[in-house]
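All remarks here apply to the structure that follows.
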2 protein chains.
Amino acid sequence: MCRMSTVLDLVFSALSDPTRRAILTMLLEDDMAVTDVAAPFEMSLAAISKHLMILADAGLIVQERRGRVKWCQLQPDALRAATVWMQGFGQFEPIDLDAFEAFLAQELCQDHTDDRPT
Amino acid sequence: MCRMSTVLDLVFSALSDPTRRAILTMLLEDDMAVTDVAAPFEMSLAAISKHLMILADAGLIVQERRGRVKWCQLQPDALRAATVWMQGFGQFEPIDLDAFEAFLAQELCQDHTDDRPT
DNA sequence: CCAATCGTCAACCATTTGGTTGAATAACCG
DNA sequence: CGGTTATTCAACCAAATGGTTGACGATTGG
């Protein structure tokens, strides 16, 4: 009867693409212009633009146009609902922050031009 | 060079479908046979079988065949990596368990036959 | 003003996704 | 054995996804 969850649909499917996760990781460092986001990837600007729209639809980023450049800013609050949902399944234990730091370190030193192989 | 993250790909894309999330929620209560999982949904058994295979591929459930019935069991540990990844973006605040309980209560009283409209 | 830059739009394409049906396999029950 | 139950397989389909290219509209700077 009610229906809900479209938010979770959008967030999880946005997160399911490695390119988009890489973009979010980049934005964790600082806000970026669309062109600069696209730079490390071996993919057209239009493709990155689409990815950014998907992230924006999910609420994971906000894009603010200033002059001719559009700035992308991470919106971590959008992960709240999804995190809450997932935590419900994870036997309620505290999150291991060290694990995330380690993962992030590994991901940041990666060569994105090699992403999405075939 | 390295490549990784296929795990996150699989988990997030498994979670991006409301039918699959509903199945996981059902399994939170108890292990279930495939046919029983399928019962509340307005969708063929074969379709549910596919969903379960996707969940199994992501490691979110394990399926053990006993006789002619195949039991599905939630595997919450598979959410670990994804939870860790997401927590990294959520300004590191503690998880609100009450919010999850509330969400779950809402979701459990739902009519699944009304899922996936058009 | 003109040219270059930033980003999106539109059309197109191949692949994946989520569903269907009907037949096939396997195990159980009487 | 033979029928029923449980589940998957295979073929098929429509729609969504992720990418391309080229043209376009805005904005900026010389």
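Convention: sequence-line order gives letters A, B, ...; per-chain numbering from 1.
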How would you list, by chain and number, every residue that makes a side chain to side chain contact (heavy atoms under 4.5 Å, CB included) with [X], sequence neighbours excluded?
X: A/Asp57; value: none
X: B/Ala78; value: B/Leu60
X: B/Ala56; value: B/Ile61, B/Gln63
X: A/Ala46; value: A/Ser44

| task | May I ask you to evaluate whether A/Ser44 reaches the phosphate of D/dT20, defined as a side-chain N or O under 4.0 Å from OP1 or OP2? | result |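 For D/dT20, OP1 or OP2 has a side-chain N or O of A/Ser44 closer than 4.0 Å.
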
| task | Give a yes/no on whether any side-chain N or O of A/Ser49 is located under 4.0 angstrom from OP1 or OP2 of C/dG7. | result | no

| Cluster partners of B/Met53, using ILVMFWY side-chain heavy atoms under 4.5 angstrom, listed by chain and number? | none

| field | Apart from B/Val69 itself, residues in the same hydrophobic cluster as defined by side-chain heavy atoms under 4.5 Å | value |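 Same cluster as B/Val69: B/Trp71.
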
| query | When all nucleic acid strands are considered with a 4.0 Å heavy-atom cut-off, which category describes B/Ala46: base, sugar-phosphate, or nothing? | reply | base

Identify the pairs formed between an N or O of the protein and an N or O of nucleotides 11-16 of chain C at a distance under 3.5 Å, and give each distance.
none

| request: State which residues pass salt bridge (charged side-chain N to carboxylate O under 4.0 Å, His left out) with B/Arg66; sequence neighbours excluded, sorted by chain then number. | output: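 In terms of salt bridge (charged side-chain N to carboxylate O under 4.0 Å, His left out), with neighbours along the sequence ignored, B/Arg66 is linked to B/Glu64.
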
| In whole Å, what is the span from the CG atom of A/Asp57 to the P atom of C/dT8? | 12 Å

| field | d(CD1, B/Ile48; P, D/dT8) in whole Å | value | 11 Å

| Is the backbone N or O of A/Trp85 less than 3.5 Å from a side-chain atom of B/Arg21, with the two atoms forming a donor-acceptor pair by type? |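 The answer is no, because no donor-acceptor pair under 3.5 Å joins these two groups.
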
| task | Please list residues of residues 65-73 of chain A whose heavy atoms come under 4.0 Å from any atom in DNA chain C, ordered by number; otherwise none. | result |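 Within residues 65-73 of chain A, the residues near DNA chain C are A/Arg65, A/Arg68, A/Val69, A/Lys70.
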
